[in-house]
Asks: 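Pasting a structure below so you can have a look.
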Number of protein chains: 2
Amino acid sequence: MSAELLKKHKIRVTPFRIKVLSVFKKTHSALSLSDLESGIGEFDRVTLYRTIKTFLDKGIIHEILMPGDIKKMALCQDGCNTHLHDHKHLHFHCDSCQETFCIDLPAYPEIVLDGFDIKQIEIQAQGVCKNCG
Amino acid sequence: MSAELLKKHKIRVTPFRIKVLSVFKKTHSALSLSDLESGIGEFDRVTLYRTIKTFLDKGIIHEILMPGDIKKMALCQDGCNTHLHDHKHLHFHCDSCQETFCIDLPAYPEIVLDGFDIKQIEIQAQGVCKNCG
DNA sequence: TCATATTTGCAATTTTGTTGCATTTGTTTA
DNA sequence: TAAACAAATGCAACAAAATTGCAAATATGA
């Protein structure tokens with residue numbers, strides 16, 4: 001339940017935040033800013049910006065940036081919080097339906113670069129998704 | 001030489017484009033929009049936007065989007081053109097010096113997802129680079 | 001060198017994001 | 001359950017970033 005999620009991250013439960021979360025929960029793919037805007041209905045732009053910022057800071061949602069200036073957001077996994085975003089999944093963008101999905105990977109690829117200390121790896125994939133293929 | 005690069009992609013050789021390319025060639029890391037702006041000196045913003053758009057379209061440069069809303073650009077490999085961007089490298093962002101590098105990989109990870117037709121994979125890594133580590 | 005399509009630079013406009021502040025609301029605790 | 005207080009909201013004003021249309025300038029091929 002959305003209220004629990006907010007409490008877990010120690011921020012207040014407000015109608016607007018519940019509304020935003022409900023838009024995220026309604027879909028299984030990641031949302032762009034305009035997806036959110038149209039999903040919410042009437043809203044104040046400033047409040048939405050601040051809500052998104054808070055959700056990002058608290059580890060409630062994460063940003064997904066894909067080639068072609070595509071910027072989306074999706075709900076985080078349970079383990080995420082303000083300081084740690086640990087997503088053992090890749091982000092897949094379908095060139096056909098334009099949707100972006102978070103897909104869990106059984107084994108996350110290991111990459112070693114001599115001299116570099118790699119702290120985090122993100123994988124972005126593009127192609128045709130299960131529904132469109 | 002920069003003029004050759006423009007000719008190869010069938011666009012006109014102009015002082016402004018040469019200037020922009022020279023900024024790219026001067027550095028080994030990827031450039032943000034403001035890096036470019038300060039590298040060029042005096043310029044018209046509209047012309048810069050259009051030049052970037054043209055270079056992206058023609059496959060002369062590619063965009064790199066990293067977590068934290070970091071957006072940079074870098075010169076493409078030889079093989080790139082309007083329709084195909086084939087980068088067998090990963091993008092590494094150093095949390096210390098804030099620079100972003102394209103790093104060639106000897107072996108690019110193979111990823112298979114049941115039902116999905118993966119056409120392209122991009123890997124973004126974060127951590128501490130060779131120079132800072 | 002000329003003709004022509006491309007590119008540039010400017011002005012105006014639109015879109016996107018930010019700041020400050022007064023009001024409202026959620027939560028804690030007595 | 002009421003009061004107290006911090007957090008969140010909504011509005012207005014502002015600032016920054018990006019886009020459009022168009023006239024003038026320029027690169028290129030004949």
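Side chains are part of it too, since the values below use all heavy atoms of this structure and drop only hydrogens, waters and symmetry mates. We name chains A, B, ... by the order of the sequence lines, and we start the count at 1 in each one.
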Asks: Are L90(B) and F92(A) joined in one hydrophobic group, where the rule is that I, L, V, M, F, W and Y side chains link up if heavy atoms are under 4.5 Å apart?
Replies: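 Shared cluster, yes.
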
Asks: Expressed as a whole number of angstroms, how long is the span from I11(B):CD1 to dT7(C):P?
Replies: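 My rounded result for the distance is 7 Å.
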
Asks: Starting from the 5' end of DNA chain C, give me the residue, P15(A) or P15(B), whose nearest nucleotide shows up first.
Replies: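 Residue closer to the 5' terminus by nearest nucleotide: P15(B).
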
Asks: Expressed as a whole number of angstroms, how long is the span from R12(B):CZ to dT4(C):C1'?
Replies: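 One finds 8 Å between C1' of dT4(C) and CZ of R12(B), rounded.
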
Asks: Return the value, rounded to whole Å, for the distance between atom CZ of R45(A) and atom P of dA15(D).
Replies: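 Taking atom P of dA15(D) as the reference, CZ of R45(A) is at 18 Å.
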
Asks: Nearest whole Å is fine: how far is dT20(D) C1' from L48(B) CG?
Replies: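 Roughly 17 Å, once rounded to whole Å.
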
Asks: Among dA11(C), dT9(D), dT28(D), find the nucleotide with the atom closest to the side chain of V46(B).
Replies: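 The closest nucleotide is dA11(C).
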
Asks: Calculate the interatomic distance between L33(B) atom CG and dA17(D) atom C1'; express it in whole Å.
Replies: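 Going from CG in L33(B) over to C1' in dA17(D) covers 9 Å.
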
Asks: Could you check how far CZ of F43(A) sits from P of dC11(D), rounded to whole Å?
Replies: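 The distance from CZ of F43(A) to P of dC11(D) comes to 12 Å, rounded to the nearest Å.
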
Asks: Choosing from dG21(D), dA27(D), dA12(D), which nucleotide comes nearest the side chain of R50(B)?
Replies: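 Minimum distance to the R50(B) side chain belongs to dG21(D).
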
Asks: For D44(B) and dG21(D), give me the distance from atom CG to atom C1', rounded to whole Å.
Replies: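 Result: 14 Å.
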
Asks: What's the closest nucleotide to the side chain of Y49(A) if the choices are dG17(C), dA11(C), dT7(C)?
Replies: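 Nearest nucleotide to the side chain: dG17(C).
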
Asks: Does atom CD (E110(B)) have a neighbourhood of more than 12 heavy atoms from anything else shown, all under 6.0 Å?
Replies: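 Result for CD/E110(B): open.
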
Asks: When you check the phosphate oxygens OP1 and OP2 of dA8(D), does a side-chain N or O of R17(A) lie under 4.0 Å from one of them?
Replies: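 So the side-chain polar atoms of R17(A) do come within 4.0 Å of the phosphate oxygens OP1 or OP2 of dA8(D), strictly under.
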
Asks: Any non-hydrogen side-chain atom of I64(A) less than 4.5 Å from a side-chain atom of I70(A)?
Replies: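 Result no, sub-4.5 Å side-chain heavy-atom pair not found.
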
Asks: State which of dG26(C), dG9(C), dA18(D) makes the closest approach to the side chain of F16(B).
Replies: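 That would be dG9(C).
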
Asks: Could you walk me through whether S32(B) and D35(B) satisfy the side chain to side chain donor-acceptor pair (under 3.5 Å) test, starting with their C-alpha distance in whole Å, then the side-chain angles of each, then the deciding distance to 0.1 Å, before giving a yes or no?
Replies: CA-CA 5 Å; S32(B) 67; D35(B) 292 337; 3.1 Å; yes

Asks: Given atom NZ of K71(B) and atom P of dA18(D), what is their separation to the nearest angstrom?
Replies: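 From K71(B) NZ to dA18(D) P: 6 Å.
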
Asks: Indicate, with yes or no, if the rings of H91(A) and H93(A) have centres closer together than 6.0 Å.
Replies: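 Not under 6.0 Å, so no.
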
Asks: Closest approach to the side chain of T14(A), judged atom by atom: which nucleotide of dT25(C), dG10(D), dT9(D) is it?
Replies: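 The closest nucleotide is dT9(D).
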
